[in-house]
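Heads up: the structure comes next, in structure tokens.
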Amino acid sequence: MKYRYRVLVLLFFLSMITYVDRVCIGLLGADMRKDLGISVADWSWVLSLFALSYALFEIPTGAMGDRDGPRKTASRIVVWWSIFTSLTGAVNGFFSLITCRFLFGAGEAGAYPNSSAAISRWFPMAERARATGVVWMASRIGGALSPILVLTLSENFGWRMTFIAFGLLGAIWVSVWYWWFRDDPRAKPGVTAEELAEIGPPLVKQHHSLPWGRVLKDSNFLTVLLMYHCYCWGSFFYLSWLTDYLRNGRGFDNSELKVMAWLPFACGACGNLFGGFLSDKLSAKYGLRIGRRSVGAAGLALAGLCMMTARVTPGKLEPLVLLSLGYACMDSMLPVAWAVCLDIGKKYAGAVSGSMNMAGQLASFLSSLSFGHIVTWAQTQGMTKTEAYNFPLLPFSIMLMVSAFLFSRIDPERQLVPETSKAPEPEPALV
């Protein structure tokens, strides 16, 4: 196996661990609210503060990866969030819980920007979207496995021990990553000259940050940020409130959740893999503009349509199937969006992808916070529980449609800082 594919295996498992840790609290929310005495409205703060800290630390941790390399940076952040995953099992009330969740989010913020930084160093441009698709596919596999793993552990050992157990997974991953991975393929013994030629020339080490004064005036960059912001209004519902929605809005019990709650994430995994490969194929044949735009915009538009239809569809299974298909469609966009960050960011890939994800996670914060409050308000207006839990899906689906339009306006062929530009002076290649 070529060494860059071994790197991808490590990133695959990192992404799985990230989402198992992240989805865990949504599955255990009912037991935690009961034991800790937290209302539905206050629970929205528990879920949303993770997204807020995730957003705030995206750019710093992405820039750290550009500056120090993903080997050191990813090791630090995985140790950090694993500690706070385990400490979640020791909380004794609302304030200790939101503190843990905020600090947990600060660590997880660096996972995908540093995965992008590793991919930009180890993969040629023609393979980046599919590599990113594999990483995001792994996140959905982690989400699909979570209902079985989390609910089984919780039923046998309680929710506190479940968090402690999942915190240990990160420690295992870090020990392998730091020992084996190197930031520069040329510094890794065993990588052949043939593979180095396939990967292409090395990126230069860059101590200077992304020239913010320049890029913040760039309409293409701002469109990427706004597109991802609108997308996350719909996407974060699956990671934060889906289990509560299925349980309280559609009447699923725990035994049914074990059997069916994996379906959206399994569909999302397929969507990630399909979208990444399709975008690279279309880009090779028709150019980046068509290859990126067509997959991203179509996926988001179909996702918005599926969510809007699920909202008004009665029953249990039918809405779940529609939401699962919607997740597959929106996830076909995901590797394309992150590949666009590599396309336009080049050596600033970590900072650019961190900026995009920061804009998205600010929407995740607002989405998660608003869902609980909208449901509470809707019930005070006389809506049934099912109607109240379905009501927030309307604005979320509209935001997905807006995101689709914005994706169709992005130009992946226009670099933020052209390679010919003279600002700032590069240093020798990483070793």
Side-chain angles (χ1 to χ4, degrees), residues 3-4 6-19 21-22 50 53-85 102-123 128 131-132 134-136 138-139 167 169-188 199 202-210 212 338 341-342 345-358 360-361 424 426-431:
Y3 273 68
R4 64 181 182 273
R6 302 180 195 186
V7 171
L8 193 57
V9 169
L10 285 173
L11 296 177
F12 181 94
F13 283 106
L14 172 64
S15 190
M16 279 188 64
I17 294 168
T18 299
Y19 265 67
D21 289 352
R22 192 178 301 186
F50 160 80
S53 64
Y54 195 95
L56 294 176
F57 287 90
E58 277 291 309
I59 293 177
T61 51
M64 282 173 61
D66 289 338
R67 185 192 66 210
D68 299 334
R71 179 174 179 248
K72 290 182 179 178
T73 307
S75 298
R76 293 169 188 156
I77 62 176
V78 176
V79 168
W80 176 274
W81 95 54
S82 297
I83 289 171
F84 287 100
T85 297
F102 185 89
L103 294 172
F104 168 67
E108 280 219 341
Y112 291 103
N114 280 278
S115 292
S116 291
I119 289 171
S120 70
R121 286 163 165 78
W122 276 85
F123 283 82
R128 287 176 182 174
T132 307
V134 169
V135 171
W136 282 104
S139 73
L169 292 176
I172 297 171
W173 184 88
V174 165
S175 63
V176 177
W177 174 260
Y178 192 80
W179 165 72
W180 187 88
F181 179 77
R182 296 295 180 270
D183 292 324
D184 185 353
R186 288 148 190 82
K188 179 65 183 175
I199 292 170
L203 295 174
V204 294
K205 188 174 182 180
Q206 188 58 256
H207 283 298
H208 298 274
S209 66
L210 185 67
W212 294 106
W338 285 75
C341 292
L342 305 184
K346 300 296 182 184
K347 59 193 174 189
Y348 300 105
V352 173
S353 58
S355 300
M356 182 185 75
N357 211 19
M358 182 197 73
Q361 297 313 315
E427 295 184 0
L430 283 171
V431 294

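Owing to the predicted nature of the structure, the values given are computational and were not obtained by experimental measurement.
Using a cut-off of 4.0 Å between Lys/Arg side-chain N and Asp/Glu carboxylate O, K72 and D183 are scored as not salt-bridged. Comment: D184 does not engage R182 in a salt bridge, judged by the lack of any side-chain N to carboxylate O separation of less than 4.0 angstrom.
Taking every heavy atom of both residues into account, Q361 and A55 meet most closely at CB-CB, 3.5 Å. Heavy-atom minimum distance, L8 versus A131: CD1-O, 3.5 Å. Among all heavy-atom pairs drawn from D68 and R76, the shortest one is OD2-NH1, 3.4 Å. The shortest non-hydrogen separation linking L342 to S116 is CD2-O, 3.8 Å. Nearest approach of G167 to T85, heavy atoms of both residues: N-CG2, 3.8 Å. Counting all heavy atoms, side chain and backbone alike, L169 lies closest to I17 at O-CD1, 3.8 Å.
Once rounded to the nearest 0.5 Å, the distance linking OG of S82 with CZ of F104 reads 8.5 Å. Within the model, atoms CH2 of W177 and CZ of R71 stand 10.0 Å from one another, a figure rounded to the nearest 0.5 Å. N114 contributes atom CG, which lies 10.0 Å from atom OG of S120 (distance to the nearest 0.5 angstrom). Of the inter-residue distances, the one linking I119 atom CD1 with L11 atom CG reads 5.5 Å to the nearest 0.5 angstrom.
Listed for the W81 side chain is no donor-acceptor partner under 3.5 Å among the backbone atoms of A109. Formation of a donor-acceptor pair under 3.5 Å by the S139 side chain with backbone atoms of W136 is found in this model. A donor-acceptor pair is defined here as one N or O able to donate and one able to accept, closer than 3.5 Å; no such pair exists between the side chain of S53 and the backbone of L103. Proximity of a side-chain donor or acceptor of W338 to a complementary backbone N or O of R128 within less than 3.5 Å is not detected. A side-chain donor-acceptor contact under 3.5 Å links S175 to the backbone of I172.
Side-chain contact check for Y54 and R22: at least one donor-acceptor pair (N or O, by modelled atom type) lies under 3.5 Å.
In this structure, P113 and M356 have side chains that are not in contact, with every pair of non-hydrogen atoms separated by 4.5 Å or more. When side chains are defined from C-beta on, I199 does not count as touching F123, because their heavy atoms never get closer than 4.5 Å.
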Query - Stepwise side-chain contact (heavy atoms from CB on, under 4.5 Å) test for V135 and F12 - result: CA-CA 5 Å; V135 171; F12 181 94; over 6 Å; no

Requested in this report: Could you walk me through whether F181 and V7 pass side-chain contact (heavy atoms from CB on, under 4.5 Å), step by step?
Outcome: CA-CA 7 Å; F181 179 77; V7 171; 3.8 Å; yes

Query - Step-by-step side-chain hydrogen bond (donor to acceptor under 3.5 Å, both in side chains) determination, T132 to Y112 - result: CA-CA 9 Å; T132 307; Y112 291 103; over 6 Å; no

Requested in this report: Would you please test E108 and I77 for side-chain contact (heavy atoms from CB on, under 4.5 Å) and show each step?
Outcome: CA-CA 7 Å; E108 280 219 341; I77 62 176; over 6 Å; no

Query - Stepwise side-chain contact (heavy atoms from CB on, under 4.5 Å) test for V176 and F13 - result: CA-CA 11 Å; V176 177; F13 283 106; over 6 Å; no

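Using a 30° and 60° split on the angle between ring planes, F84 and W80 fall in the tilted class, from 30° to 60°.
For W122 and Y3, the ring centers are positioned 6.0 Å apart or more. When ring centroids are compared, F102 and F50 stay outside the 6.0 Å threshold.
Taking T18 as the reference, nothing meets the side chain to side chain donor-acceptor pair (under 3.5 Å) condition, with sequence neighbours excluded.
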